[in-house]
Peer 1: 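Would you mind keeping the following structure in view while I ask a few things?
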Amino acid sequence: MPITRRAFLKSSGGAAAATLAAPYIWPRGAWAQSTVKVGILHSLTGTIAIAEASVVDAEKLAIEEINASGGVNGRKIEVIVEDGASDWPTFAEKARKLLDRDKVAAIMGCYTSASRKATLPVVERSKGLLYYPTYYEGLEMSPNIMYTAQEATQSVIAAVNWLAQNKGKSFYLIGSDYIWPRTTNKIAKPTIEKAGGKVLGEDYIPLGNVEFASVINKIKAQKPEVILSTVVGGSNVAFYKQLQAAGLNGKNQALLALAVSEEEASGIGTENLEGFLSCMGYFQSLKGSPNEKFVKAFKAKYGANRVVGDTLECGYISVYLWKMAAEKAKSFEVPAVVAASSELEIDAPEGKVKFHKANHHLWKHARIGAFRKDGQIEMIYESPLIEPNPFPKI
Amino acid sequence: MSLDIVVMQAFNGLSLFTVLALMALGLAIVFGLMGVINMAHGELMAMGAYTTYLTAVIFERFMPGLLGIYLLVAIVLAFAVTFLFGLALERSFIRFLYNRPLDTMLATWGLSLILQQTFRSLFGPREVGVPSPQWLSGAWQPSPGLSIPLSRLFIIGLTVLVGLALYALLYRTRWGLRIRAVTQNRAMSGAVGIDTARVDAMTFAIGSGLAGIAGSALTMLASTGPVTGQQYIVDTFIVVVFGGVESLLGTFSAAFMIAQMQSWLEFTMTGSMAKATILLCVIVALYFRPAGLFALKVRR
C-alpha cells in the first residue's frame, strides 16, 4: 500500500494522541516503577578482559540474589551490561549511553585507573553514580564515585610494616611502568625508611614485558631480604616462571605481591607461586559465614573450578552497598544515595567494613597471606580496619 | 659486580638472542619472500602456545606417565597446526592481497583481532597454565653462585636446531633453491618455470609453522593467553626490520645485537629506559641504513 500523505498524517496523529493519552490511561509510570536499572560496565573483550570479565559474574550474582529476595525499595533490578572493550574512550561513551539513554540509577564498573579517569567526567556531568571495585593508587575523590576496594595506603603501608617486622629490612621494589606501581612505591619508600629498612633498588618494566632475566640478576646481585612486587597482568606469569628457573622460590626468598590474587594463580602455575606472599583486602579462603555463603553461591552458579579474588568480592559488595544506601535513603536519587552511604556498614564476605564519613572509600582490612600448593592463599596476618586516606601526605 | 653475575648476564644475553631469533625467523622468511607484513604473526605464536597447552591437558588426562616428554610432542604438534593453518590462510586470504602491502597490513591486523577474540571465547580471558616438565624446571648450578635456568638452555638448543634445519632447507634442497629464486626475482623465476604460487603458499606455511614452534617453546618462559602474541610482535618486527628484511643472517645478527644490548642495559638502568634506549639506537641505525643491517643487493 503506498503511503499517502493523508494516511501518514492519520497514523502519526493517532500515535501522537496515544502517546499524549498514555499517562491518563495507565497510572503514571507504573510500568517503569516495577524495575530499577543498574548498569555494569567492564571490559568483556580486549586486553583487560583478563581481569575484568569475571567481575561482571560477581556483580550479576549479587543482582540475582537481591532480585530473588524482593529487589531494592520494592523494585526488581534490571541489569544492563555494556562492554568497555579495554578501550578508554569506549568506557566514556558507554557510560554516557547508560546514564543518558538508559537512565540507570547506578553503574558498577571500571577496572584500570585509565578507564575510571575516562569515565569520571561523564559520570560527574550526568550526575550519575559509579561504584569502582578495584584496588587503586588513590589521589581521587569524585562526588559521583564510590570506591569499594583498597586505595594504596590501605595495603602498602600495612604490608611494608609487617614485612619489616617479620621478613627483613632490605627491600627491592619492582613494578610495571605505569601510575599505580609508581604511586604505590612512592608511598612504600618513606614507609620502609620509617620502619628502619632501606631500599636497595627500584625497577620498572614496560607493561606486557616477558623478559625478566636481567632484572632477576640485578635482584640476585643486591640480595634483598624482601622483594615488593607491583608487577601486573601477563608479565607476572613470566616473572614467577623465571624466578623459579633462576632458583628463587617461596622457600628461600621473601616476595610480597600487591597485585597477584588467587585468580592469577593457575595461569602462573601454582608450583611457581607456592610460598610467595600476597597482600589483598580479601582471600577466598577467609573463614566466616558471609564468605562461605558467597563462595558457595558463586561456585554453584559458575562452576566448581572457578576462583574468587579481591576484585570479584569488591564488585559483589558494591551492588549490596548501593542497595543498602538506596533503602536507607528510600530513594534512587544520587545525592540521597551518596548521603546515605556515609558510615554505611556491611557484613561482607571480607568481614564487617564501612564507608568513611566523607571520602567515599571503605574502611578496610589489609590481609597478608602465603600461596599454598593448590593456588589458594593462607592468611598469615590481618590488620585492624584501616581508615581510607586517598590523599596521603608523603 | 661479581664474576658470577657477569657470567649469568652473558648467558642471559645469549638466551634472549635465541628467544628473539626463534620468534623472528618465521616472520623474516614470510616478510622477506613475499613482502607480506603479517601482523597476525604473534597470534600464530599464541596458537602454538595453546596447542602446547592442549597437549599438556591431554597428556595429563590420558597418559600422565609420559608427561615428561609432552613438550617434545607439543612442539611438533604446534608446528603441524600452525603450518596447516598458515597454508589455509595463504590460499584463502593472503594470496588475494599480494603487492598491496598496506592492505595486507590492515587485513592481517584484523585477522589478529579475530584470532585474539577466538582464543578468548574458546579458552577464557585468563592465561592458562602450561606445566613445565620436571626435567626443565630448576637450574643447572656449575658453582654455588651460578645458576643457569634449564628452560633457557633448552630454548638455545631448540633455536640452534631450528636454525640449522632452516639453513638446510633453504640452501641444500630443491625447495630452498626455488624459494631463494623467487625471493630474488619473482618475474624471472616464473619465466623459467617455477610455480611461484606454490612456493608462496609453502613459504607462508613454513613461516607460520616456525611461529608455532616459537610460541610452543616460549610457554616455558612466559604466559599463554589471548593477548600473548601482542607481547612478542613488537620485538619480532624490530628484529626483522633492523636485520634487513630479506636476509636470515641479518635476522640472526640483529637478534644478537638487540639481545646483548637489552640484557646489559636492563642491568644498568630500569627496564623501561632500556627499551627506550634500544628503540632509539634502532631508529638511528635505520636512518643511516634504511634497508637494515644486511640488505640483499638485488636488481629490481
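Side chains are part of it too, since the values below use all heavy atoms of this structure and drop only hydrogens, waters and symmetry mates. Protein chains get the first letters and strands the later ones, always in sequence-line order, with residue 1 at the start of each.
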Peer 1: Is A:Ala49 close to chain B through its backbone or its side chain, or both, or neither, when contacts mean heavy atoms under 4.5 Å?
Peer 2: both
Peer 1: For chain B, which of A:Glu271, A:Glu264, A:Glu202, A:Glu263 has the most heavy-atom pairs under 4.5 Å?
Peer 2: A:Glu263
Peer 1: Which atoms of B:Leu221 are under 4.5 Å from chain A, going by heavy atoms: the side chain, the backbone, both sets, or neither?
Peer 2: both
Peer 1: With a 3.5 Å cut-off and no angle check, do the side chains of A:Ser115 and A:Thr112 form a donor-acceptor pair?
Peer 2: yes
Peer 1: Does A:Gln284 reach the main-chain N or O of A:Ile377 with its side chain, forming a donor-acceptor pair under 3.5 Å?
Peer 2: no
Peer 1: So which of A:Ser54, A:Gly234, A:Ser235, A:Gly201 has the largest heavy-atom pair count under 4.5 angstrom toward chain B?
Peer 2: A:Gly234
Peer 1: Which atoms of B:Ser151 come close to chain A, meaning under 4.5 Å heavy atom to heavy atom: side chain ones, backbone ones, both, or neither?
Peer 2: side chain
Peer 1: Flag the pair B:Thr224 / B:Thr52 as yes when at least one side-chain heavy-atom distance between them is below 4.5 Å, and no otherwise.
Peer 2: no
Peer 1: Tell me yes or no: between the side chains of A:Glu137 and A:Thr184, is some donor less than 3.5 Å from an acceptor?
Peer 2: no
Peer 1: Given a strict heavy-atom distance threshold of 4.5 Å, which part of B:Met273 is in contact with chain A: side chain, backbone, both, or neither?
Peer 2: neither
Peer 1: Is the closest side-chain heavy-atom distance between A:Leu61 and A:Asp57 below 4.5 Å?
Peer 2: no
Peer 1: Non-hydrogen atoms of chain B under 4.5 Å away: do they reach the side chain of A:Ala51, the backbone, both or neither?
Peer 2: both
Peer 1: Does B:Asp4 pair with A:Lys220 as a salt bridge, N-O distance under 4.0 Å?
Peer 2: no
Peer 1: Do any of residues 231-238 of chain B have a heavy atom less than 4.5 Å from a heavy atom of chain A, and if so, which, in residue order?
Peer 2: B:Gln231, B:Tyr232
Peer 1: With chain A as the partner, which of B:Gly225, B:Pro149, B:Gly124, B:Pro131 has the greatest number of non-hydrogen pairs under 4.5 Å?
Peer 2: B:Pro149
Peer 1: Among B:Gln230, B:Glu127, B:Gln116, who wins on heavy-atom pairs under 4.5 Å with chain A?
Peer 2: B:Glu127
Peer 1: For a quick check under 3.5 Å, do A:Glu52 and A:Ser43 share a side-chain donor-acceptor pair by atom type?
Peer 2: yes
Peer 1: Side chain, backbone, both or neither: which part of B:Arg120 has a non-hydrogen atom closer than 4.5 Å to chain A?
Peer 2: side chain
Peer 1: Consider only side-chain N and O atoms of A:Asp310 and A:Ser261, and report whether a donor and an acceptor are under 3.5 Å apart.
Peer 2: no
Peer 1: Looking at A:Asn217, A:Asn272, A:Val210, which one has more heavy-atom pairs under 4.5 Å with chain B than the rest?
Peer 2: A:Asn217
Peer 1: For the interface with chain B, which of A:Ile216, A:Asp203, A:Asn249, A:Val215 has the highest count of heavy-atom pairs at distances below 4.5 Å?
Peer 2: A:Asp203
Peer 1: Among A:Ala265, A:Ala213, A:Ala238, A:Ala53, single out the residue with the greatest number of heavy-atom pairs under 4.5 Å to chain B.
Peer 2: A:Ala213
Peer 1: Answer yes or no: is there a side-chain heavy-atom contact under 4.5 Å between A:His42 and A:Cys110?
Peer 2: no
Peer 1: Say whether, by atom type as modelled, one donor and one acceptor occur between the side chain of A:Ser86 and the main chain of A:Thr45 under 3.5 angstrom.
Peer 2: yes
Peer 1: Should the pair A:Tyr132 and A:Tyr136 be assigned to parallel (<30°), tilted (30 to 60°) or perpendicular (>60°) ring geometry?
Peer 2: perpendicular
Peer 1: B:Leu218 versus B:Met45: any side-chain heavy-atom pair under 4.5 Å?
Peer 2: yes
